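Beneath this line is the structure, given in structure tokens, with notes to follow.
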Protein chains: 2
Amino acid sequence: MLPAMLKSITSADATRRRGRDTREEILSCAEALWQGRGYNGFSYHHIAIQLGIRNAAIHYHFPSKENLGVALIQRYRARFAEWFVEVRKIELAWQRLHRYFDLYLDYLNAECRVCPSGILGAEFQAIPEEMRAEAKLLMGEIYDWLIETLNLGRQQGSLKFIGNAEDKAVEIGASLQGGLQIARVAGAERLHQLLAQMSLELFGENAAAVAQAA
Amino acid sequence: MLPAMLKSITSADATRRRGRDTREEILSCAEALWQGRGYNGFSYHHIAIQLGIRNAAIHYHFPSKENLGVALIQRYRARFAEWFVEVRKIELAWQRLHRYFDLYLDYLNAECRVCPSGILGAEFQAIPEEMRAEAKLLMGEIYDWLIETLNLGRQQGSLKFIGNAEDKAVEIGASLQGGLQIARVAGAERLHQLLAQMSLELFGENAAAVAQAA
DNA sequence: GTCTATATCCGGATAGAC
DNA sequence: GTCTATCCGGATATAGAC
């Protein structure tokens, strides 16, 4: 599922683009820029250069930048929904959560991106209203999934934690989000430290298996 | 120490500004904008309006925006250094850490700002080189203080955690940073949930005292 | 659906008067 | 130390040809 969660545009060949899905390419390119530099840190020009098209071509697909921003979050939410379906096929909650950890390693490895939730939180007061609404929906969906996973894990005995699942869900989501941001400044090692600590606390006897895999 | 850590400009009266320290006012105003909207989310014009001065006056004090950005982080680091000195006078490590938690509540209450570390991490690829260097220093200082505090707490028995202090320090820093960002999108309650969970895990028998204070 | 060309605005920055 | 005036580049966006 990872390739689906992290589809970036790989050196778009500017030469032949015979009527192909430019819209998707724009979104993928914009997504990378967005997670790398923030919504206020990239422009249509950046995208145009990378895809070898003109400014106006992007405006054809996304009349305003707000349209593009909203589309970015909506596509991401849709992909996340598919990811949830996929991961729910895994029986053990600790393994589901481990899959979630993997996403953050992928972000780190993919040009040191931050997670969409993180960039949305950081720039919240500086993004258009419609994007804020989408941001709330995204965070709600992740929150719900974390709660579900934690409750399952407690029931199975595959996840260890004290307190209620709701509060623990916030802690886990916040840690990963913050850890990824710290890692891009202070070095990749920080994220590895975070994941090691979280595994130690949450996975109990399974933590050793995780450690050797990494 | 909180007033020192969070000095914002309160409705600068544009009328009489008889030779007063404009430089500091600019920094305080810019700091609020920075933590609210990000480095790429505010302009000299925003500051000029709020302080009732002209664009050029800001350029007199800070020739380039990069100068201003660097000064913001340096001033913040200096204030943090003072804060560290102050907090080290507290004997119990769990109370020191609790003071650190309080900072995040203050940020949330102050127009829903995010912490400097968080905005720096999120925008890292879209800020000038000199600011990145300052960002690394800031994060290193916080990281070191957290490790010191955790080691003290373990020695005293006033903080509970498993694993090594270095990894736990990353986890704590990341949680708070991420939690604040989540709270501004999903509501203040999220930060309260996070702090409750962290108190429960770290403070042990002292957690109850914290809970009733909140 | 993509192009060229252009309009408009905004943000960072400088010159020179006071 | 702050002002007015202005320059320049960049970013969003539109018009109309192909």
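In what follows, every chain begins at residue 1, and chains take the letters A, B, ... in the order their sequences are listed. In this text the structure is predicted, and so the values were computed from the model without any measurement.
Atom OH in A:Tyr39 sits roughly 10 Å away from atom C1' in D:dT12 (whole-Å rounding). Rounded to whole Å, the distance from CG on A:Asn67 to P on D:dT12 is 13 Å. Remark: C1' of D:dT6 and CG of B:Asn55 are 12 Å apart, rounded to the nearest angstrom. Distance NZ (B:Lys65) to P (D:dC8): 22 Å, rounded to an integer number of Å. Atom pair A:Leu51:CG and C:dG1:C1' shows a separation of 14 Å (rounding to whole Å applied). Between the CZ atom of A:Phe62 and the C1' atom of C:dG1 there is a distance of 14 Å, given to the nearest Å. In this structure, B:His46 atom NE2 and C:dG12 atom C1' are separated by 14 Å, rounded to whole Å. Rounded to an integer number of Å, the gap from A:Ile47 CD1 to C:dT2 P is 14 Å.
At least one side-chain nitrogen or oxygen of B:Thr22 sits closer than 4.0 Å to the OP1 or OP2 atom of D:dT2. The shortest distance between the side-chain N/O atoms of B:Tyr60 and the OP1/OP2 oxygens of D:dG1 is below 4.0 Å.
Listed nucleotides C:dC3, D:dA11, D:dT2 differ in distance to A:Ala56; the shortest reach to its side chain belongs to C:dC3. In this structure, the nucleotide among D:dT2, D:dA13, D:dT4 sitting nearest to the side chain of A:Ser64 is D:dA13. Nearest to the side chain of B:His59, among C:dG12, D:dC3, D:dA13, sits C:dG12.
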If you apply the rule salt bridge (charged side-chain N to carboxylate O under 4.0 Å, His left out), what do you find for A:Glu86 with A:Arg99, and how did you get there?
CA-CA 11 Å; A:Glu86 210 57 36; A:Arg99 287 288 289 272; over 6 Å; no
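B:Tyr44 comes within 4.0 angstrom of sugar-phosphate atoms only, judged by non-hydrogen atoms across all strands, and of no base.
Among A:Trp94, A:Tyr107, A:Trp145, the one residue that satisfies the ring-ring contact (aromatic ring centres under 6.0 Å, His included) test with A:Tyr100 is A:Trp145.
Contact of A:His45 with D:dA11 (side chain to base): no donor-acceptor pair of N or O atoms is detected under 3.5 Å.
Within a 6.0 Å sphere centred on CD of B:Glu130, heavy atoms belonging to other residues, nucleotides or ligands number 12 at most.
Under the 3.5 Å distance criterion, the side-chain polar atoms of B:Arg96 are matched with a main-chain donor or acceptor of B:Ile90.
Comparing B:Phe42 and A:Arg54 against DNA chain C, the residue whose closest nucleotide sits nearer the 5' end is A:Arg54.
Using bins of under 30°, 30° to 60° and over 60° for the plane-to-plane angle, the ring pair A:Phe101/A:His98 lands in the tilted bin.
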